[in-house]
Amino acid sequence: MMLSRLYSTIESALQEVCGQKDVHLSDGGSHADLSSTVSFSLAKKLRRSPAEIAREMAETLSRREDLAGVRVEALGPYLNFHIGPELLETAIIEATQPGYGSFPAREERVVLEHTSANPNGPLHVGHIRNTIIGDTLARCLRKAGYPLEVQYYVNDMGRQIAIVVWGFQNIPDTPVPGEKGDHHVARIYIAANRELEKRPDAVAEVDLLMQRVESGDPQTVREFRSAVTECLDGFLVTLARLGAKHDRFVWESDFIRNGDTQRVLSKVSHMDECHEDGRLWLDLSAFGFEKEYVLRRSDGTSVYAARDLAYHIWKARNFDRVIDVLGADHKLIGAQLVTTLRLLGERPPEIVHFEFVSLPEGSMSTRAGKFVSADELLDEVTRRAYEEVTSRRPELPGAQRHEIARSVALAAVRYDIVKISPDKSTVFDWKEALDFERQSGPYIQYAHARACSILEKAGSFGTAYAPEDPHEHALVRHITRFPLVMENVVRDLKPHLLAAYARELADLFNTFYHFVPVLKSGGVLRNSRLTLVLATRNTLAEALQALGIDPLTTM
RNA sequence: GGGCUUGUGGCUUAGCCAGGAUAGAGCGCCGGGCUUCUAACCCGGAUGUCGGGGGUUCGAAUCCCUCCAGGCCCGCCA
């Protein structure tokens, strides 16, 4: 908080001094805490050299009361701001407190939808990119003080589900002992698709199921519900293993049953863009959409887009900020949805799109049975983590080794996914998934565990702030930036920024650890270093928790 | 064909929206470091036309145009 307030103080001081709004203020990199390149743009206006302007501005700014505690200096054309020791000391002490990086409670109610995979087979390594991005954002939003509800939108009446139901009716099913519901549903779904390819005539039976479920035929509704529930129960187990929790599961069919879909369709029918020719569709070509946005079929049944519209109107009216995490394949439909909601005068969602995860042999497909399931991934990574823990800490009891392995595996999986910017498509790689070294979740956990170990051995100590080593200063500087990073993550909805921050903090701590003795130092130096270790430990823990990773105290 | 998006050392990637100070990392490679607070660690080295070309600018990985390559989308599916 302190640093972000300082940022705006410096910004307005600069604006006053140079008389323009854009003051080119940015992170000072390795040169300073903050720096400005405004002298370049002033140089042209004033017809004087940038360095000269910077020097004068530095003098003026140095005399300002509101910048007390900040050292301003000109280095060539650059205007550098160095935050003074008193301010840093306050920030470091703040960083030792639980909840560092959190903000006071806010009024704005937020709803975040993530994962929402079709219940026709287990979550795979593509789906969990959605889960991990979504859950990390959820944790960050909560930490940032927002009242948040996390929702899973259950697509319980799509064609895929009709195929599953048809499969349960028509495919001989031999139970597999110990098989999870979602894997069972996938087995039926894959077999049903194969069968339907052989018997195209049976497709009409699937269509009939879809009509019956929309009209509310009790028997069909029960069969759909039962298939979906079986799959969803499997999802719940996987989601729990991933550390992700939804507050509410919203069933798509509810928006048919409660009349919302009908209501939105009748509202839409009065729009200028609306056309009815048996079907009901919107012409959004004025907004750059070539394709017709069909909402109701000629047989009278609604299309996914119509139910989605009803769902989003419901969210818009009950929350102040609506966030969806969706795959890149939903970009077009998402943009159409946003445009339509705007035309209807409803609050559109902020959509976080993530690009696809594919396998080395090509794209994943539940229908074709070509996917690596999240359960498989977690099992394998946990197995490897257990091997690793056992070879490093053979003296620990088995139960504890299993517990550490579980946490390490989750850290590896979550971090491996969240560290990559969502707009990069990726290829799933077992070697990378099983890597517990640098730029991994376990690496950051390890730094945390090391800090814990020092603090445990230290016993009680007095708080102090007297950094002298460059490694200490670097650590201090990074720790004080944490609240700014959290603010950026929830503003821009970019969880990978937090992943990068945590890894950098671990890097700096490990270097500090190597070069700077803590327990062996004495007097105020020892207390100062222990305070810094405590601040690091706490900041790492806060960041790890926001990433959904357990801050292990030993590993 | 049209739209969206990505292209940064051998591989993976940050930085790009809000243009500036030697383009950061990791893996792999080469060479070092455990009688010292947990070596899942640390230090040093080699490796870069920031996809190609043009433009804007005092200054471009970053902005604009264009071309090339990959991914996604373009259904009365979800």
Side-chain angles (χ1 to χ4, degrees), chain A residues 22 24-32 35-37 39-41 43-44 50 75-78 80 116-118 120 155 157-162 210 252 278-281 288-292 294-299 301-305 307-308 327-333 335 353 355-356 358 363 385 388-389 391-393 408 412 419-421 423-427 429 431-432 435-447 449-458 492 496-497 499-500 503-504 506-507 509-511 513-521 529-530 533 554-555:
Chain A
D22 187 2
H24 300 88
L25 195 61
S26 67
D27 180 337
S30 56
H31 307 276
S35 68
S36 167
T37 55
S39 61
F40 284 109
S41 68
K44 195 178 259 179
L75 189 64
Y78 300 96
N80 289 341
S116 302
N118 287 337
N120 58 350
N155 302 128
M157 49 186 311
R159 172 157 229 101
Q160 284 94 329
I161 309 313
M210 289 179 69
E252 186 180 0
R279 319 166 293 170
L280 184 150
W281 57 280
F289 300 101
E290 299 282 322
K291 287 288 166 180
E292 302 161 350
V294 178
L295 297 173
R296 194 177 62 212
R297 301 186 183 92
S298 48
D299 69 1
T301 60
S302 62
V303 175
Y304 162 84
R307 277 111 59 181
D308 205 24
D329 54 339
H330 283 64
K331 275 187 183 175
L332 177 60
I333 195 95
H353 287 289
E355 291 289 336
F356 267 49
S358 59
S363 25
E388 201 67 32
V389 178
S391 78
R392 291 168 195 278
R393 303 294 301 277
V408 165
K419 74 178 176 186
I420 305 292
S421 161
D423 40 36
K424 227 132 186 167
S425 56
T426 63
V427 177
D429 182 345
K431 188 172 162 288
E432 270 167 43
D435 183 10
F436 304 145
E437 296 187 346
R438 290 188 71 157
Q439 300 207 346
S440 77
Y443 171 83
I444 302 165
Q445 288 179 304
Y446 186 70
R450 281 176 137 184
C452 288
S453 178
I454 292 179
L455 293 166
E456 198 192 346
K457 292 196 166 87
D492 298 339
H496 71 284
L497 298 178
R503 196 260 308 157
E504 284 157 6
D507 280 346
F509 180 71
N510 278 327
T511 308
Y513 182 95
H514 184 76
F515 289 106
V516 184
V518 177
L519 296 177
K520 279 179 187 160
S521 58
R529 287 177 180 169
L530 281 168
V533 172
T554 184
M555 61 188 285

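For B:rC76, the base has a donor-acceptor partner in the side chain of A:S298 [N/O atoms by modelled type, under 3.5 angstrom]. A donor-acceptor contact under 3.5 angstrom links the side-chain atoms of A:N80 to the base of B:rA21.
Take A:R393 and apply the salt bridge (charged side-chain N to carboxylate O under 4.0 Å, His left out) test, not counting sequence neighbours, and it matches A:E395. For the ring-ring contact (aromatic ring centres under 6.0 Å, His included) test, residues two or more places apart in sequence or in another chain that qualify with A:F509 are A:F512.
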Please tabulate the protein-to-nucleotide N/O contacts below 3.5 Å involving nucleotides 23-31 of chain B, giving atom names and distances.
| from | atom 1 | to | atom 2 | distance (Å) |
| --- | --- | --- | --- | --- |
| B:rA25 | O2' | A:Q439 | NE2 | 2.5 |
| B:rA25 | O2' | A:R503 | NH1 | 3.1 |
| B:rG26 | OP1 | A:R438 | NH1 | 3.1 |
| B:rG26 | OP1 | A:R438 | NH2 | 3.1 |
| B:rG26 | O4' | A:Q439 | NE2 | 3.0 |
| B:rG26 | O2' | A:R438 | O | 3.4 |
| B:rC27 | O2' | A:K431 | NZ | 3.4 |

Each nucleotide N or O in nucleotides 5-8 of chain B that has a protein N or O under 3.5 Å away: list the pair and distance.
| from | atom 1 | to | atom 2 | distance (Å) |
| --- | --- | --- | --- | --- |
| B:rG7 | OP1 | A:K424 | NZ | 3.2 |

Write out a two-atom table: protein N or O, nucleotide N or O from nucleotides 73-75 of chain B, distance below 3.5 Å.
| from | atom 1 | to | atom 2 | distance (Å) |
| --- | --- | --- | --- | --- |
| B:rG75 | OP2 | A:K291 | NZ | 2.7 |

Look for any protein N or O under 3.5 Å of an N or O in nucleotides 18-20 of chain B and output each such pair with its distance, or none.
| from | atom 1 | to | atom 2 | distance (Å) |
| --- | --- | --- | --- | --- |
| B:rG20 | O2' | A:Y78 | OH | 2.2 |
| B:rG20 | N7 | A:T37 | OG1 | 3.1 |

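Residue A:R393 has no polar side-chain atom (N or O) positioned under 4.0 Å from OP1 or OP2 of B:rA39. Contact annotation: A:H514 side-chain N/O to B:rC34 OP1/OP2 distance is not under 4.0 Å. Taking side-chain N and O atoms only, A:R529 has no distance below 4.0 Å to OP1 or OP2 of B:rC37.
Ion pair A:D507/A:R503 flagged as a salt bridge, since at least one NZ, NE, NH1 or NH2 atom sits closer than 4.0 Å to an Asp/Glu carboxylate oxygen.
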